[in-house]
Amino acid sequence: MRIATWNVNSVRARTARIVDWLERSDVDVLAMQEIKCKTEQFPYAAFEAAGYEVQAHGFSQWNGVAIASRLPMTEVERDFQGQPGYANTGDPVVEARAMAATVEGVRLWSLYVPNGRDLAHAHYGYKLEWLRVLADHLDTWGGRPLALMGDFNIAPLDTDVWDIGAFDGSTHVSKPERAAFDALLQAGLVDVVRDRAPGYTYWDYKAGRWNKNEGMRIDFVLGTPELAELVTHASIDRDQRQGDAPSDHVPVVVDLDLETELDDDRPMIF
DNA sequence: ATGGTAGGTAGCCTA
């Protein structure tokens, strides 16, 4: 089974690009972030015509996550337990930043971690709290192959940005953010892509970042040990940053071998 | 060069 995560930065602005990529890339399940539309505005028909069922979780023109799959999805869940909200004006609202589905016995989360905006901004505290609660509830998900897939808006290593010197006082690289990311690893999750595929996953639209290859590695697939042992291959599709109207993020792809595990339980026949 | 581009929306906000 081939799974992928992609911050598409508006699913309506590049529906054809996404669906064409899904078909060409032979991807079974795609976790999307920043769909930037309400649940009912998702372009379901284009995905269904290509053989993909979509479960979406949108709210307004911002945020929004979805999962497209050509294999059956079960246990579809929106938001995680205790997910903090954000108070733009008035009372905090739980934003559409997390959803999950089970495919072929694999639990997959599509996550869009809050940006943080600025170290002094309330959004930064919201980001840290959001990650803290996420990590706190990880233990209740144990026991089966599970992956957190998405835009974490954190560059865990200095080498995950083009010039760490340009990030002094910036979000995405601060110690508390990196500690929040590390807490997920401490909880037992494994970055199943880093050792298999180097490079950035995001290049800002501004300042010619793509042309100068000034990117950031902020999109990840973190798996439980049960999932990690199924991984056979991973890649980052840089080509999707090129061409007409690309997202500022590119897809991260992971291949799982679901047969090997089954073989262990299969009776031996001589 | 302390900048710049893109999406949703119809004012600016978000990234």
Side-chain angles (χ1 to χ4, degrees), chain A residues 5-19 21 31-44 46 56-66 84-98 110-131 149-155 160-174 177 180-181 200-220 238-252:
Chain A
T5 183
W6 192 3
N7 179 324
V8 296
N9 188 12
S10 172
V11 69
R12 291 179 294 173
R14 51 192 120 263
T15 306
R17 175 188 277 264
I18 298 163
V19 173
W21 178 84
M32 285 169 270
Q33 300 86 37
E34 272 208 274
I35 61 172
K36 284 187 169 175
C37 64
K38 297 177 166 69
T39 304
E40 63 270 24
Q41 292 175 315
F42 194 97
Y44 295 102
H57 183 24
F59 176 68
S60 66
Q61 71 270 43
W62 293 307
N63 318 311
V65 289
Y86 182 68
N88 248 320
T89 53
D91 296 330
V93 174
V94 175
E95 299 174 315
R97 295 178 175 275
S110 180
L111 301 178
Y112 179 45
V113 176
N115 175 284
R117 299 183 188 171
D118 184 278
L119 297 185
H121 200 286
H123 210 260
Y124 180 73
Y126 167 51
K127 178 181 193 174
L128 296 177
E129 175 67 2
W130 201 93
L131 288 162
M149 314 171 73
D151 176 0
F152 285 75
N153 268 318
I154 295 172
D160 290 337
V161 298
W162 74 92
D163 175 13
I164 192 62
F167 283 77
D168 194 31
S170 297
T171 60
H172 293 60
V173 301
S174 73
E177 287 167 284
F181 187 87
Y200 304 134
T201 63
Y202 160 87
W203 296 258
D204 200 312
Y205 288 124
K206 295 175 286 197
R209 295 286 183 227
W210 167 249
N211 290 325
K212 292 184 281 190
N213 191 29
E214 294 181 345
M216 302 170 70
R217 188 183 181 97
I218 56 178
D219 300 271
F220 298 96
R238 282 176 61 97
D239 291 347
Q240 281 304 318
R241 189 59 179 80
Q242 304 181 88
D244 185 44
S247 170
D248 42 1
H249 296 250
V250 296
V252 178

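For clarity, every value in this text was computed on a predicted model and none was experimentally measured. Chain A is the first sequence line, chain B the second, and so forth, proteins listed ahead of strands; every chain is numbered from 1.
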**Student:** What's the closest nucleotide to the Gln61(A) side chain, out of dG7(B), dT9(B), dA15(B)?
**Tutor:**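 For the Gln61(A) side chain, the nearest candidate turns out to be dT9(B).
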
**Student:** For the side chain of Lys206(A), starting at C-beta, report the closest nucleotide among dG8(B), dA15(B), dA6(B).
**Tutor:**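 Output: dA15(B).
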
**Student:** Quick check on dA6(B): is either OP1 or OP2 less than 4.0 Å from any side-chain nitrogen or oxygen of Arg14(A)?
**Tutor:**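 No, Arg14(A) has no side-chain N/O under 4.0 Å of OP1/OP2 on dA6(B).
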
**Student:** Rounded to whole angstroms, how far apart are NZ on Lys38(A) and P on dG8(B)?
**Tutor:**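 So the two atoms are 12 Å apart, to the nearest Å.
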
**Student:** Could you give the CE-to-C1' distance, from Met216(A) to dA15(B), as a whole number of Å?
**Tutor:**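 Distance, rounded to whole Å: 11 Å.
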
**Student:** Among Tyr112(A), Trp62(A), Tyr126(A), find the residue that satisfies the side-chain hydrogen bond (donor to acceptor under 3.5 Å, both in side chains) test when tested with Glu95(A).
**Tutor:**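 When Tyr112(A), Trp62(A), Tyr126(A) are each tested with Glu95(A), the side-chain hydrogen bond (donor to acceptor under 3.5 Å, both in side chains) holds only for Tyr126(A).
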
**Student:** Which residue, Ala13(A) or Tyr86(A), contacts DNA chain B at a nucleotide closer to its 5' end, judged by nearest heavy atom?
**Tutor:**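 Nearest-nucleotide comparison on DNA chain B picks Ala13(A).
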
**Student:** Quick one: sort the Tyr44(A) and Phe42(A) rings into parallel, tilted or perpendicular, breaks at 30° and 60°.
**Tutor:**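 Correct class here is tilted.
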
**Student:** To the nearest angstrom, how far is Lys127(A) atom NZ from dT14(B) atom C1'?
**Tutor:**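 These atoms are roughly 14 Å apart.
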
**Student:** Under 4.0 Å, heavy atoms only, any strand: does Tyr202(A) hit a base, just the sugar-phosphate, or nothing?
**Tutor:**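 Counting heavy atoms under 4.0 Å across all strands, no contact is made by Tyr202(A).
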
**Student:** Return the 5'-most residue of the pair Ser10(A), His121(A) with respect to DNA chain B, ranking by each residue's nearest nucleotide.
**Tutor:**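 The residue mapped nearer the 5' terminus is Ser10(A).
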
**Student:** Compare side-chain N and O positions of Arg209(A) against OP1 and OP2 of dT5(B) and report whether any pair is under 4.0 Å apart.
**Tutor:**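 No, because none of the side-chain N or O atoms of Arg209(A) sits under 4.0 Å from OP1 or OP2 of dT5(B).
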
**Student:** State whether Glu40(A) and Lys38(A) are salt-bridged, where the test is any N-O pair (Lys NZ or Arg NE/NH1/NH2 against Asp/Glu carboxylate O) under 4.0 Å.
**Tutor:**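 A salt bridge is absent here (no side-chain N lies under 4.0 Å from a carboxylate O).
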
**Student:** For Asn115(A) and dG7(B), what is the distance between atoms CG and C1' respectively, to the nearest whole Å?
**Tutor:**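 About 15 Å, once rounded to whole Å.
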
**Student:** Tell me which one of His249(A), Arg17(A), Arg14(A) satisfies side-chain hydrogen bond (donor to acceptor under 3.5 Å, both in side chains) with Gln240(A).
**Tutor:**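 Of His249(A), Arg17(A), Arg14(A), side-chain hydrogen bond (donor to acceptor under 3.5 Å, both in side chains) with Gln240(A) is met by Arg17(A) alone.
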
**Student:** dG7(B) C1' sits how many Å from Gln41(A) CD, rounded?
**Tutor:**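 Those two atoms, CD and C1', are 13 Å apart.
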
**Student:** CG of Asn63(A) versus C1' of dT9(B): gap in Å, rounded?
**Tutor:**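 After rounding, the gap between these two atoms is 15 Å.
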
**Student:** What integer distance in Å separates His249(A):NE2 from dT5(B):P?
**Tutor:**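 Distance, rounded to whole Å: 18 Å.
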
**Student:** For Asn88(A), report the nucleic acid contact type (base, sugar-phosphate, nothing); a contact means any heavy atom under 4.0 Å.
**Tutor:**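 Result for Asn88(A) = sugar-phosphate.
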
**Student:** Would you find a donor on one side and an acceptor on the other, under 3.5 Å apart, between the side chain of Lys36(A) and the backbone of Ala13(A)?
**Tutor:**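 Such a contact is absent between Lys36(A) side chain and Ala13(A) backbone.
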
**Student:** If you measure from the C1' atom in dG11(B) to the same atom in dA1(B), how many Å do you get, rounded?
**Tutor:**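 Nearest-Å result for dG11(B) against dA1(B) at atom C1': 29 Å.
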
**Student:** Can you tell me how far C1' of dG7(B) sits from CG of Asp204(A), to the nearest Å?
**Tutor:**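 In whole Å, dG7(B) C1' and Asp204(A) CG are 13 Å from each other.
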
**Student:** How far, in whole Å, is dT14(B) from dG4(B) if one measures between their C1' atoms?
**Tutor:**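 Nearest-Å result for dG4(B) against dT14(B) at atom C1': 15 Å.
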
**Student:** What's the gap between dT9(B) and dC13(B) when it is taken at their C1' atoms, as a whole Å value?
**Tutor:**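 It works out to 10 Å between them.
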
**Student:** When the P atoms of dG3(B) and dG7(B) are compared, how many Å lie between them, rounded to an integer?
**Tutor:**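 That atom pair is separated by 23 Å.
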
**Student:** Using a cut-off of strictly less than 4.0 Å, decide whether Arg12(A) has a side-chain nitrogen or oxygen near OP1 or OP2 of dG7(B).
**Tutor:**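 Negative; the distance criterion is not met.
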
**Student:** Flag yes if more than 12 heavy atoms outside Tyr205(A) fall under 6.0 Å of its OH atom; otherwise flag no.
**Tutor:**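 Result for OH/Tyr205(A): enclosed.
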
